[in-house]
**Q** 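One structure, as structure tokens, below. Some questions next.
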Amino acid sequence: MARVSRVKRLAVNVDPPALTPEDREDQLIALAVDLAEQRLRDGTASNQLIAEIMKLGTSKERLQKEKLQRENAMLKAKTEAIEAQKHSDEMYVRALNAMKSYAGFGGSEDNYDEDE
């Protein structure tokens, strides 16, 4: 009976399985951070772990992270601008074709013979 209650207690703390690889990665990172925090609190953290945690807190690291976020935003904006330009070009071609057909300059819809 003691074993069953222990298993139930452990199951309560388990997160549901991730549905995407990104979510799984986030879960693993959260577990690693929790473990690092526990080791820091217990005083059992290695020097390498302490150095890595300290490096994450530096202003240089924060600035680099902010720079990457801004670069990502800029790339997204450029991608959206390219897509909008493609859409604009398509609409321009459609408008020209419509004007040509309205003016009687042919098109696939003109199926009459001029000799008649």
**Q** Applying side chain to side chain contact (heavy atoms under 4.5 Å, CB included), name anything that partners Thr20, two or more places apart in sequence or on another chain.
**A**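 Applying side chain to side chain contact (heavy atoms under 4.5 Å, CB included) to Thr20 gives Glu22, Asp23.
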**Q** Side chain to side chain donor-acceptor pair (under 3.5 Å) with Glu25: which residues, sequence neighbours excluded?
**A** none
**Q** Which residue pairs pass the side chain to side chain donor-acceptor pair (under 3.5 Å) test with at least one member in residues 61-75, sequence neighbours excluded?
**A**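 Passing the test, one end in residues 61-75: Glu66-Arg70.
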**Q** What side-chain donor-acceptor pairs closer than 3.5 Å can you find for residues 28-45, not counting sequence neighbours?
**A**
from: Glu37; atom 1: OE2; to: Arg41; atom 2: NE; distance (Å): 3.1
from: Glu37; atom 1: OE2; to: Arg41; atom 2: NH2; distance (Å): 2.8

**Q** Tell me whether Met54 is reachable from Leu49 by hopping between hydrophobic residues (I, L, V, M, F, W, Y) whose side-chain heavy atoms are closer than 4.5 Å.
**A** yes
**Q** Who pairs with Arg24 by side chain to side chain donor-acceptor pair (under 3.5 Å), at least two apart in sequence or on another chain?
**A**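 So Arg24 forms a side chain to side chain donor-acceptor pair (under 3.5 Å) with Gln27.
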**Q** Apart from Tyr92 itself, what residues make up its hydrophobic cluster, given side-chain heavy atom links below 4.5 Å?
**A**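 Tyr92 shares its hydrophobic cluster with Leu96.
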**Q** Arg94: which residues meet the side chain to side chain donor-acceptor pair (under 3.5 Å) condition with it, sequence neighbours left out?
**A**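 Here no residue qualifies.
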**Q** By salt bridge (charged side-chain N to carboxylate O under 4.0 Å, His left out), which residues pair with Lys60, not counting sequence neighbours?
**A** none
**Q** Can you tell me which residue pairs pass the side chain to side chain donor-acceptor pair (under 3.5 Å) test with a partner in residues 75-87, sequence neighbours excluded?
**A** Gln85-Asp89
